[in-house]
2 protein chains.
Amino acid sequence: MQKKSSATIYDVAHRVGVSLATVSRVVNGNNNVRESTKRKVLDAIEELGYHPNAVARGLASKKTTTIGVVMPDVTDMYYSELARGIDDVANMYHYDVLLTNTDEDPVRETMAVNNLASKQVDGIIFMGNELEREVLNTIAGVDAPVVLAGSVDGEGKLPSVNIDYVEAIKEATTTVIKNGHDRVAIVTGPVTHAINSLHRIVGYKAGLEEMQIAFDDTLLFATHQDYSAGLQVAEKIVSAGATAVIAYDDEVAVGIMNYLRDNGKKVPEDFEIITSNDTKFTLVTRPEVTSIGQPKYDIGAVAMRMLTKLMNNEIIDDTQIKLPHTLERRGTTRN
Amino acid sequence: MQKKSSATIYDVAHRVGVSLATVSRVVNGNNNVRESTKRKVLDAIEELGYHPNAVARGLASKKTTTIGVVMPDVTDMYYSELARGIDDVANMYHYDVLLTNTDEDPVRETMAVNNLASKQVDGIIFMGNELEREVLNTIAGVDAPVVLAGSVDGEGKLPSVNIDYVEAIKEATTTVIKNGHDRVAIVTGPVTHAINSLHRIVGYKAGLEEMQIAFDDTLLFATHQDYSAGLQVAEKIVSAGATAVIAYDDEVAVGIMNYLRDNGKKVPEDFEIITSNDTKFTLVTRPEVTSIGQPKYDIGAVAMRMLTKLMNNEIIDDTQIKLPHTLERRGTTRN
DNA sequence: CTGAAAGCGCTAACAT
DNA sequence: ATGTTAGCGCTTTCAG
């Protein structure tokens with residue numbers, strides 16, 4: 001299997017006895033080529049094993065057919081499912097995906113965006129809720145459309161695809177209250193993130209208000225986004241006298257549940273739990289975890305679809321898309 | 001925030017009154033530039049907001065500082081953890097990652113490899129155990145180094161990073177046999193994949209032989225790689241009279257466990273389970289699942305490190321790397 | 001230490 | 001329907 005330094009467009013043009021332009025035309029499906037010469041060109045391409053050089057093409061056409069995806073962490077189920085939705089529709093439209101993990105570090109986020117820009121990506125999908133001023137600025141300065149997926153910016157200006165977090169959390173909150181709980185805790189990420197302060201906590205308060213329960217900030221908890229964080233925060237939640245919790249992350253929720261059960265509490269009899277992301281984690285435990293249902297794959301897919309339109313300069317009626325959510329009632333709530 | 005069509009190297013050269021070559025030198029850290037002119041160039045770059053165009057650079061230098069990663073599915077925990085290891089060391093060496101999901105479809109795998117080649121990636125990390133003749137051929141024909149991560153080809157010729165599957169499965173098998181089981185089932189993927197026929201099943205048989213238990217092919221099962229497959233195969237495993245199982249995938253293992261427990265069997269008292277990938281799924285269930293411990297992140301990281309050497313034409317002593325594995329004894333085995 | 005010049009492989013007017 | 005001609009923005013000898 002020899003690694004032949006591949007043929008160029010010049011080689012095939014030369015072989016057939018036509019110009020570069022003609023070869024370029026058949027390669028790009030331009031119909032202004034006589035059928036017979038098209039055949040000859042195709043044959044030559046076959047024989048020479050010619051494969052167009054996408055880099056050269058990108059330089060000449062100023063389109064790379066590559067998009068960038070910036071995300072917190074591929075190993076996070078929630079984001080990886082969005083990524084899969086993105087990737088599938090990207091391929092559908094013949095885009096490749098340049099992937100970057102940031103761990104939600106603003107420094108790495110800005111570096112990632114700048115780097116993608118220098119690689120001349122045609123567009124960017126951004127995931128992550130840090131979105132500091134600096135990140136927003138560099139996004140604004142990039143000469144390629146950007147859409148947020150499963151993420152919100154404080155100002156709500158960037159094109160984005162999400163669910164209605166306020167409404168979803170409100171429903172979760174009222175659900176456990178209706179099940180008889182009056183001390184329901186909520187655990188989110190840092191309140192410095194818009195998605196927590198401006199959406200989740202707002203929804204939580206709205207739920208309390210609707211059920212006429214007074215807000216108590218000792219029932220507010222902020223954690224990292226992993227299993228051990230759940231294990232750790234659980235004790236504090238219990239100490240605060242809560243008998244139900246709304247969690248923003250499934251690993252955290254499962255951590256809380258396992259802590260409770262390992263410490264003799266019965267779920268859902270003694271304590272109810274609703275989580276937010278409906279990943280596989282919620283199905284694998286016993287009991288299965290009640291969760292807000294998010295169309296994760298679709299959020300990614302719709303975001304990518306929107307990006308294709310933006311890259312194509314199409315007019316878009318609504319750039320702030322909210323996809324429908326559900327409440328998947330399972331074993332960690334009584335109803 | 002205006003989308004200024006960015007400055008080129010020509011603009012900064014012109015502004016400073018030097019040649020393109022000089023600007024190129026300072027941008028690329030070539031020391032053959034007088035300190036004073038270097039300063040001037042840097043200032044101009046700053047003022048003009050110049051960012052090198054990586055596409056143009058790629059065309060001229062024939063290096064894109066981009067590698068391709070071909071994987072079955074980002075949402076699969078096992079592979080996404082490898083991907084994270086890959087991405088981290090890729091960034092360390094200033095490579096970007098072009099990611100493609102294949103669902104282990106050979107057609108998509110060959111397309112992915114060809115596509116990456118046309119994008120002129122400097123190297124490729126390939127994950128997935130299908131590796132049909134056709135895929136192998138196109139890999140061989142690509143003008144860029146390729147290394148397998150967490151995957152084996154039948155011939156064992158390609159550079160790769162794995163654990164010793166034979167040994168790992170053998171240990172798992174003898175472990176449950178020592179715990180008193182003489183009918184232990186094994187569930188793998190399709191036997192048409194080398195990793196199953198040439199590694200896992202071989203290890204299983206070696207374990208049986210060591211413990212002087214006769215091989216019984218009614219105890220061999222092949223499934224898809226997901227939770228519901230585990231739920232489904234569990235019944236058959238029980239019918240076959242097995243009292244222990246070695247599973248190749250954590251979701252499958254958890255599916256088996258949940259089926260058993262939902263049907264009144266006690267794990268590990270009545271039935272023992274050992275799984276293979278040690279993903280988060282094994283920690284989240286009750287009981288936690290005993291698993292072969294794989295250094296997943298490291299497999300990805302080491303594969304990527306090896307790829308950097310290959311891309312750099314460095315000599316590599318051993319291209320068939322086997323990283324150490326462990327047995328993480330948890331709640332689904334008695335010992 | 002710096003510049004000139006020739007591409008890298010392809011696309012995209014503009015002609016014909 | 002096909003060819004000519006400029007580049008795209010940068011790297012890289014080769015001179016000096």
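A note on names: the letters A, B, ... follow the listed sequences, proteins ahead of strands, and every chain is numbered from 1.
Between the P atom of D:dG9 and the NZ atom of A:K119 lies a distance of 18 Å, rounded to the nearest Å. Whole-Å rounding puts the A:N30 CG to C:dC10 P distance at 17 Å. In this entry the distance linking NE2 of A:H14 with P of C:dG9 reads 16 Å, nearest Å. Taking atom CD1 of residue B:I9 and atom C1' of nucleotide C:dT2, one finds them 14 Å apart after rounding to whole Å. Residue A:L59 contributes atom CG, which lies 18 Å from atom P of D:dA6 at whole-angstrom precision. In this structure, the CG atom of B:N53 is 6 Å from the P atom of D:dC10, given to the nearest Å. Between the CD1 atom of A:I45 and the C1' atom of C:dC10 there is a distance of 13 Å, given to the nearest Å.
Contact check, A:Y50 against C:dC10: a side-chain N or O comes under 4.0 Å of OP1 or OP2. The side chain of A:S24 places an N or O atom within less than 4.0 Å of a non-bridging phosphate oxygen (OP1 or OP2) of C:dT11. Residue A:R57 has no polar side-chain atom (N or O) positioned under 4.0 Å from OP1 or OP2 of C:dG9. For the pair B:S61 and D:dC10, the criterion of a side-chain N or O lying under 4.0 Å from OP1 or OP2 is not met.
Side chain of A:D153 to backbone of A:G156: a donor-acceptor contact under 3.5 angstrom is found. Using modelled atom types, no side-chain atom of B:S151 and backbone atom of B:L148 make a donor-acceptor pair closer than 3.5 Å. Between the side chain of B:D103 and the backbone N or O of B:D105, no donor-acceptor pair lies under 3.5 Å. In this structure, A:D318 contributes its side chain and A:Q320 its backbone to a donor-acceptor pair below 3.5 Å. Listed for the A:E104 side chain is a donor-acceptor partner under 3.5 Å among the backbone atoms of A:E130.
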Worked verdict on A:T66 versus A:K119 for side-chain hydrogen bond (donor to acceptor under 3.5 Å, both in side chains): CA-CA 9 Å; A:T66 301; A:K119 291 253 169 159; over 6 Å; no
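Residues A:I299 and A:N162 fail the side-chain proximity criterion, which asks for heavy atoms closer than 4.5 Å. For the pair A:M304 and A:Y95, the minimum side-chain heavy-atom distance is below 4.5 Å.
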Enumerate the protein-to-nucleotides 1-5 of chain D contacts in which both atoms are nitrogen or oxygen and the separation is below 3.5 Å.
from  : atom 1 : to    : atom 2 : distance (Å)
D:dT2 : OP2    : A:R34 : N      : 2.6
D:dT2 : OP2    : A:T37 : OG1    : 3.1
D:dG3 : OP2    : A:S19 : N      : 2.8
D:dG3 : OP2    : A:S19 : OG     : 3.2
D:dG3 : OP2    : A:T22 : OG1    : 2.8
D:dG3 : O6     : A:R25 : NH2    : 2.6

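Rounded to 10 degrees, the angle separating the terminal axes of the helix from C:dC1-D:dG16 to C:dT16-D:dA1 is 30°, with each axis obtained from five end pairs.
Here the nucleotide nearest the side chain of A:N28, chosen from C:dT11, C:dC8, C:dC10, is C:dT11. Comparing C:dC10, D:dC8, C:dA12 by their closest approach to the side chain of A:K62 singles out D:dC8.
Across all non-hydrogen atoms, the minimal contact from B:A56 to A:L59 is CB-CD1, 3.7 Å.
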